[in-house]
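Throughout, protein chains are lettered first and strands after them, A, B, ... in sequence-line order, and every chain is numbered starting at 1.
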Amino acid sequence: MRAKSKGFASNYRIALVAAAILVSLAGIGARLVSLHVLQRAKFLSYIEKARDEIVVQNARRGDILDVHGSLLATSRSLVVLGVDPSAMVREDEAKWPALARLLGQPLAGLQEKFAEKNRPSAGVHGENDGNAREIDSADDEHEVHWIKLNDSVDESTYDQIKALNIRGVYGSRIYSRDYPQNQLAAHVIGYVNKEGDPVTGLERYLDFYLRGENGWLESERDGLRHELAQFRSREVAPSDGYGTVLSIDTVVQHMVEEELQKIADKYHPLKATIIVSDPRTGFLLALGNWPTFNVNDYNKASLDAQRNIAVADMMEPGSTFKIVAASAALNEGLVSPASRFDCTLESVEYKGTLRRLPREDESDHFDAPLTVAEIVAKSSNKGAAQLGMLLGEQRFYDYARAFGFGKLTGFPVGGEIPGEMAPPSKWDGLTITRMPMGQSVGVTPMQIHCAMGVIASGGVLMRPQVVKQIRDTDGQVIYQFAPAVRRRVISERTAQTMARILTGVASAEGNAIEAQIPGFEVAGKTGTAQKVINGHYSDHHHIASFVGFFPASNPQVAITVIVDDADAGTPGGTAYGHIVAAPVFKRLGEQLIQYLNIQPPVASEGSQFAMEGGLR
Amino acid sequence: MIKSSNHAFVNQMLVGALVMICFSGSLGFSTVWMRRAISLKADRNRQLEAKLAEINRHIDETTAAIAAEQSPGALVRRNAEWRLGLVPPREPQVVRVPDDVEQRLMAKNHAELYAASDGPVVTPVVFNLGGRR
């Protein structure tokens with residue numbers, strides 16, 4: 001009988017296989033228990049540390065645009081380039097000169113950095129002269145894996161550096177703020193520092209809109225520290241910052257800054273400021289200060305140069321303040337433009353006592369009584385004082401406050417100050433004769449500009465604004481800033497009367513024919529304020545100003561020019577407003593007429609326009 | 001192979017086990033292949049994202065460079081460097097037009113017609129050379 005075949009499954013083989021499988025399974029089971037139960041926490045923390053990563057995705061800061069969409073501030077990525085000296089290889093040495101050339105650094109300096117393989121550990125006493133280090137012992141050193149070569153390499157240069165393929169040289173990207181227009185509107189825009197914090201200007205004021213929200217994602221890395229994108233678990237996309245559109249016009253701003261530079265070159269003043277706005281809306285077209293600074297090099301600018309003089313500096317306004325007394329007296333119906341005042345008097349009785357009237361300027365002597373219109377046009381101090389006394393302390397004070405003096409204008413940037421204007425209870429006997437001519441009061445250039453804006457806008461005080469729109473990343477407008485009326489100060493009729501009176505200033509009968517633009521009705525007021533030096537009004541240091549608008553019957557642009565301590569080179573050393581500031585007003589006005597296509601109030605008769613190539 | 005004995009049952013079980021191993025192996029292989037495909041796709045997506053970000057970075061850089069070149073200061077500098085002699089128009093070079101522009105153009109283009117009739121009369125064009133009048 002043939003023995004039955006058991007095939008593969010002989011008894012001992014089955015036992016052997018079964019035993020082997022059991023032992024294997026037991027071994028695997030034991031190891032699994034060890035890994036997943038006994039040592040779970042240890043390995044899990046190690047793996048999480050080694051593999052898991054949270055990557056922050058930086059939001060791009062929004063752009064700041066001018067009224068026509070020109071970039072004033074933008075964000076672009078820069079590369080912080082560094083080197084791991086320990087990873088460098090000798091074969092790459094031939095490429096170092098090319099790297100030095102791309103970085104614009106001397107080769108010797110780079111070689112020194114590349115040679116720094118070790119560095120003394122913290123707490124080791126060694127001499128450190130910036131480059132050479134004396135090490136106590138090799139044990140107190142640690143290997144250097146990162147030395148910064150340059151913190152602002154642009155993308156194109158980084159592409160060329162990558163093409164060199166130097167081992168150990170690599171970079172990390174950061175968003176950097178770039179101001180393509182350099183110093184243009186520096187005091188309005190402000191800047192973001194190297195840490196990404198907004199420091200001044202609109203960069204700080206609008207930070208809520210501009211900064212955006214960083215995103216993040218949870219992912220894992222492999223042994224070479226490369227991201228394993230398939231293990232991305234949670235991902236929150238970054239939300240880029242909103243863009244903002246300003247009312248500032250770069251072309252007008254450039255005109256203003258060119259004029260400021262001309263003032264600086266010709267008169268060597270301490271400081272100067274020019275403000276240009278649309279008086280009907282209160283939106284600024286330009287605001288420039290001198291001295292100024294390049295926002296891309298903010299760290300090289302002095303704090304003085306960074307100060308926004310237009311809102312942060314206080315001064316006595318001088319004769320520009322006479323618009324308050326004249327407007328108030330007209331608005332109250334106390335006088336008409338034709339009412340006459342004797343401007344030869346030395347003193348006037350007021351509330352039972354004789355009050356000395358202020359002196360007129362050296363060049364002014366008025367034999368005949370002056371009308372209110374002439375008091376303004378010829379800038380009579382005695383006349384302004386009498387208008388103030390006619391109003392009385394409280395009423396004059398109330399009007400001055402209504403015009404915006406002694407209060408913040410609401411201009412959002414530059415650290416605005418309210419100026420100084422004491423209430424009548426703190427006035428001495430002479431204040432009512434001095435304040436109407438612009439003494440005993442501290443104002444900012446912006447306040448003077450807004451006060452003139454009251455007359456230009458038909459009697460209302462507008463809030464000076466510079467931001468027009470907030471736009472999302474697709475360019476859709478999400479918020480539009482509208483003109484903001486703060487209050488009505490004088491009636492529309494009074495404003496029109498005052499505008500007509502102020503046209504007399506820039507006329508042959510007025511004291512600032514230098515501001516006259518033929519064919520356009522210029523309304524304005526000069527100011528020549530003596531500076532207080534060591535507690536006394538100086539005869540040699542003045543603040544020259546001209547504040548005005550045109551066309552007077554349909555105001556489209558208001559300009560304020562203020563120059564502090566100009567060296568006018570006049571015989572008496574007085575930097576009169578009509579000599580220093582009024583010509584600047586005229587030059588700016590003439591440029592703005594062309595650029596903004598401002599039409600004269602009455603079209604000149606006859607003929608077609610033509611220009612020939614702009615030749616001069 | 002004997003199928004009727006106990007040993008045959010074991011043989012069948014072993015064959016079954018082999019089949020199961022093959023099946024689960026192919027399942028595992030499919031899973032690995034699928035994961036690999038997911039990994040490649042994810043990596044490709046990541047690369048595309050990086051490429052997109054790089055393009056955006058270059059766009060930002062170029063936009064900033066263009067803005068800098070178009071700034072009024074740069075244009076004035078170029079005007080001087082290249083001796084273009086461009087200047088803004090000045091008021092003396094401009095003669096304001098009181099007429100209706102359409103009427104004017106119509107009259108200009110059909111001068112003969114209007115000459116014979118009582119058509120609109122337009123003031124003559126005055127060219128001011130070099131801003132002088």
*Less than 4.0 Å between a side-chain N and a carboxylate O, is that true for B:R46 and A:E235?*
no
*In terms of heavy-atom pairs under 4.5 Å, which option from A:Y175, A:Y179, A:F231, A:F520 contacts chain B the most?*
A:F520
*Return the option, out of A:D159, A:D63, A:L72, with the maximum number of heavy-atom pairs under 4.5 Å with chain B.*
A:D159
Gap between atom [atom2] of [Y] and atom [atom1] of [X] - 0.5 Å precision:
X      : Y      : atom1 : atom2 : result
A:D240 : B:N56  : CG    : CG    : 9.0 Å
A:Y158 : B:E61  : OH    : CD    : 13.5 Å
B:Q70  : A:S70  : CD    : OG    : 7.0 Å
B:N45  : A:Q230 : CG    : CD    : 11.0 Å
B:E54  : A:S77  : CD    : OG    : 9.0 Å

[X] versus chain B, the contacting section by heavy-atom distance below 4.5 Å:
X      : value
A:E155 : both
A:N296 : neither
A:E227 : both
A:L184 : side chain
A:I598 : backbone
A:S156 : both

Do other residues, nucleotides or ligands put more than 12 heavy atoms under 6.0 Å from the [atom1] atom of [X]?
X      : atom1 : value
B:R78  : CZ    : yes
A:K262 : NZ    : yes
B:E102 : CD    : no
B:W33  : CH2   : no

*Pick out which of A:R61, A:R76, A:R60, A:R177 makes a salt bridge (Lys or Arg N to Asp or Glu O under 4.0 Å) with B:D60.*
A:R60
Taking all heavy atoms of [X] and all of [Y], pick out the closest pair and write down the distance.
X     : Y      : value
B:S71 : A:Q181 : CB-OE1, 2.7 Å
B:A64 : A:D178 : CB-OD2, 3.4 Å
A:L71 : B:A67  : CB-CB, 3.8 Å

*Which one, B:A74, B:G73, B:P72, B:A42, leads in non-hydrogen pairs under 4.5 Å with chain A?*
B:P72
*Go through the atoms of B:E49 and report whether side chain, backbone, both or neither lie under 4.5 Å from a heavy atom of chain A.*
side chain
